[in-house]
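Below is one structure; the comments refer to it alone.
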There are 2 protein chains.
Amino acid sequence: MVEQQTRQLDAVFHALGDATRRQMLRDLASGERTVGQLAGPFPISLAAASKHIQALERAGLVRREVRGRTHWCRLDAMSLAAAHRWLRDYERFWTDHLDALEQVLREEDARHPPTQDGDDR
Amino acid sequence: MVEQQTRQLDAVFHALGDATRRQMLRDLASGERTVGQLAGPFPISLAAASKHIQALERAGLVRREVRGRTHWCRLDAMSLAAAHRWLRDYERFWTDHLDALEQVLREEDARHPPTQDGDDR
DNA sequence: GCTATTCTCAACCACATGGTTGAGCAACAG
DNA sequence: CTGTTGCTCAACCATGTGGTTGAGAATAGC
């Protein structure tokens, strides 16, 4: 069960780790979209877009409904809720410890001014 | 600039998309750890663990300080805060458009009090 | 029926990722 | 000085990922 959840998280974060898919999600937030519509903004083949959508489905972020010859996609609220919940908990998990860290960092910043360069490495 | 942000997000989500790295982050939340300590729980070589840590660094989630021959790692609060902020915005972006989602979350919160120690591994 | 549209699938390619081993550097312990 | 420890780096391997093209299934339109 935990195993299952882990794989779900892997899939969700993997799905979010690609700018194309993030934009598709953003697009879907305003309503249903066909595969073609989702692919539209990108300079990639329909087949490539189809694979991205499959990745989103695998992560449970998107549901698909076939009507006629067109496939309509929409965000999957249930799975989104799970991701939401996890992220929220994870954030708290971090921020609980960030208070301590922030103090350390503030001390450091005091004698070691903010490195504001591009930070690219 | 947006470009830069996109790549940062790619790196962050990619880093979170691996259970080994998620556990390392969880481990780091309780304090500094050496590379060896972080690698400890996993049945992989030190070199492999080192690569995972480098991925976390690339995402800006972890900072490293070399003291003597040991490398001490800790969460990078600045980058973490940025990720935190982005996730929160993204969540709102979604929930604004998903009435169903909010209801689901409210129901879950009601019968499923904050799960500390989410155990995602 | 015939054609055009929407979309998936399979095969393929280049490159990234996660793992290994072996070499080697730097620093602590004796 | 010598040996051990902590860690990185380089080379290599298997697999995964994102892209392509070409073929084909199914539906819509005429």
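The shown structure was predicted, so the numbers you read here are calculated from the model rather than taken from an experiment. Just so we're on the same page: letters track the sequence lines, and every chain starts at 1.
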*asked:* Base of D/dT27, side chain of A/Arg69 - is there a donor-acceptor contact under 3.5 Å?
replied: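 Under the 3.5 Å cut-off, the side chain and the base do form a donor-acceptor pair.
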So what does [X] touch, heavy atoms closer than 4.0 Å: a base, only the sugar-phosphate, or nothing?
| X | value |
| --- | --- |
| B/Ile44 | sugar-phosphate |
| B/Thr20 | nothing |
| B/Ala47 | base |

Take atom [atom1] of [X] and atom [atom2] of [N], then tell me their distance rounded to the nearest Å.
| X | N | atom1 | atom2 | result |
| --- | --- | --- | --- | --- |
| B/Phe13 | C/dA16 | CZ | P | 22 Å |
| A/Gln54 | D/dG18 | CD | C1' | 13 Å |
| A/Trp72 | D/dT27 | CH2 | P | 17 Å |
| A/Lys51 | C/dA11 | NZ | P | 12 Å |
| A/His14 | C/dG18 | NE2 | C1' | 13 Å |
| A/Arg33 | C/dC7 | CZ | C1' | 18 Å |
| A/His71 | C/dT6 | NE2 | P | 12 Å |
| B/Leu46 | C/dG18 | CG | C1' | 15 Å |

Check: [Y] main-chain N/O paired with [X] side-chain donor or acceptor under 3.5 Å:
| X | Y | result |
| --- | --- | --- |
| B/Glu65 | B/His71 | no |
| A/Arg22 | A/Leu16 | yes |
| B/Arg21 | B/Ala15 | yes |

*With respect to the phosphate group of C/dG19, does any side-chain polar atom (N or O) of B/His52 fall under 4.0 Å of OP1 or OP2?*
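True: B/His52 side-chain N/O within range (under 4.0 Å) of C/dG19 OP1/OP2.
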*Side-chain N,O (B/Arg21) to OP1/OP2 (C/dG18) below 4.0 Å*: yes
*NZ/NE/NH1/NH2 to OD/OE distance under 4.0 Å, B/Glu32 and B/Arg63*: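 No, no charged N to carboxylate O under 4.0 Å.
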*On DNA chain D, nearest-nucleotide positions of B/Gln37 versus A/Ser45: which is more 5'?*
B/Gln37
_On DNA chain D, does the nearest nucleotide to A/Arg67 precede the nearest nucleotide to A/Asp18 from the 5' side, or the other way round? Give the residue._
A/Asp18
*asked:* Testing B/Ile53, B/Leu56, B/Val62 one by one against B/Leu38 for a side-chain contact (heavy atoms from CB on, under 4.5 Å), which residue passes?
replied: B/Ile53
